[in-house]
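A short write-up of the structure that comes next.
Owing to the predicted nature of the structure, the values given are computational and were not obtained by experimental measurement.
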Amino acid sequence: MSLSYSFIFLFSITLIIPSGVFSHQSNIMLPSEQQPTEKLTHIHFYYHDIRNNKNPTIVQIIDTPKNVPNGFGSTFMMDDAMTEGPELSSKQIGRAQGLFGLSSFQDLGMSMLINFVFKEGQYAGSTLSMLGRNPISEQNREMAIVGGTGFFRFARGFAIANSVNDISTPEHFVVEYNVTVSHP
């Protein structure tokens, strides 16, 4: 009699939990085979590193001795404007906020942790988080998008960064970003 109650109990658990499939071999709930539909979103924008004494958007927080190659260890915080066009006067869509440091003895490579904070348009209130190595002397630098919030919750993808050298100066460095993310 207790065997039949056990069978009824196990059968009722399978019916109560609709989000997966009950495995009788391992007595665990396996994920459902249905996958959520994912969207692919492409975003294009520019950000502006301002390194002047009046209104800097990038500040060095750790300096290294002069004898260290490539400024290895120098660390910066940033809160850069993100704009639709390459000019600082074009429509601002958000802020690129985060931290980066020079992390290579051999070249000008940075390790970056940047949050793209969207303040205007259809993505307002959402963020994307970028993490990766940025070899700044190269064009088409690829970094990982490792997450997001709001519209981009559970995002993953990549960002391609390109320096806009023809309009950049040592005090105002412009970077173009093409970001592609997959998200629910």
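Pairs engaging residues 118-128 under the side chain to side chain donor-acceptor pair (under 3.5 Å) rule: Thr127-Thr149 [sequence neighbours left out]. Contacts classified as salt bridge (Lys or Arg N to Asp or Glu O under 4.0 Å) and involving residues 144-165 (residues at least two apart or in different chains) are given here: Glu38-Arg156. Every pair tested for salt bridge (Lys or Arg N to Asp or Glu O under 4.0 Å) that includes a residue from residues 174-184 fails, sequence neighbours excluded, so the list is empty. Legend: salt bridge (Lys or Arg N to Asp or Glu O under 4.0 Å) pairs involving residues 91-104, not counting sequence neighbours, sorted by first then second residue: Asp79-Arg95.
When all heavy atoms of Ile58 and Ile50 are compared, the pair lying nearest together is CG2-O, 3.2 Å. Across all non-hydrogen atoms, the minimal contact from Val174 to Ser168 is N-OG, 2.9 Å. Nearest heavy-atom pair across Met112 and Phe100 is CG-CB, 3.7 Å. Thr64 and Gly73 get closest at one heavy-atom pair: CG2-C, 3.4 Å.
For Asp166, the side chain to side chain contact (heavy atoms under 4.5 Å, CB included) partners are Val164, not counting sequence neighbours. Under the rule for a ring-ring contact (aromatic ring centres under 6.0 Å, His included), Phe158 has no partner lying at least two apart in sequence or in another chain. With sequence neighbours excluded, the residues forming a ring-ring contact (aromatic ring centres under 6.0 Å, His included) with His48 are His172, listed by chain and number. Listed by chain and number, the residues in a side chain to side chain contact (heavy atoms under 4.5 Å, CB included) with Pro65 are Asn67, Val68 (sequence neighbours excluded). Val146 is linked by a side chain to side chain contact (heavy atoms under 4.5 Å, CB included) to Ser129, Leu131, Ala144, counting only residues two or more places apart in sequence or in another chain. Taking the ring-ring contact (aromatic ring centres under 6.0 Å, His included) definition, one finds that Tyr177 meets it with Phe45, Tyr47, Phe116, sequence neighbours left out.
Cluster partners of Ile61 are Ile62, Met77, Leu99, counting Ile, Leu, Val, Met, Phe, Trp and Tyr whose side-chain heavy atoms approach within less than 4.5 Å, directly or via other members.
Arg51 and Thr57 share no side-chain donor-acceptor pair at under 3.5 Å.
No donor-acceptor pair under 3.5 Å is formed between the side chain of Ser163 and the backbone N or O of Asn165. Panel note: side chain Asn52, backbone Lys54; a donor-acceptor pair is recorded below 3.5 Å.
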What do the steps show when you test Phe152 against Ile43 for side chain to side chain contact (heavy atoms under 4.5 Å, CB included), and what is the final call?
CA-CA 12 Å; Phe152 298 115; Ile43 307 162; 3.4 Å; yes
Name the atoms and distances for all side-chain donor-acceptor pairs under 3.5 Å in residues 101-110, with sequence neighbours left out.
| from | atom 1 | to | atom 2 | distance (Å) |
| --- | --- | --- | --- | --- |
| Ser103 | OG | Ser111 | N | 3.3 |
| Ser103 | OG | Ser111 | OG | 3.0 |
| Ser104 | OG | Gln106 | N | 3.2 |
| Ser104 | OG | Asp107 | N | 3.2 |
| Ser104 | OG | Asp107 | OD1 | 2.8 |
| Asp107 | OD1 | Gly109 | N | 3.3 |
| Asp107 | OD1 | Arg133 | NH2 | 2.8 |
| Asp107 | OD2 | Arg133 | NH2 | 3.1 |

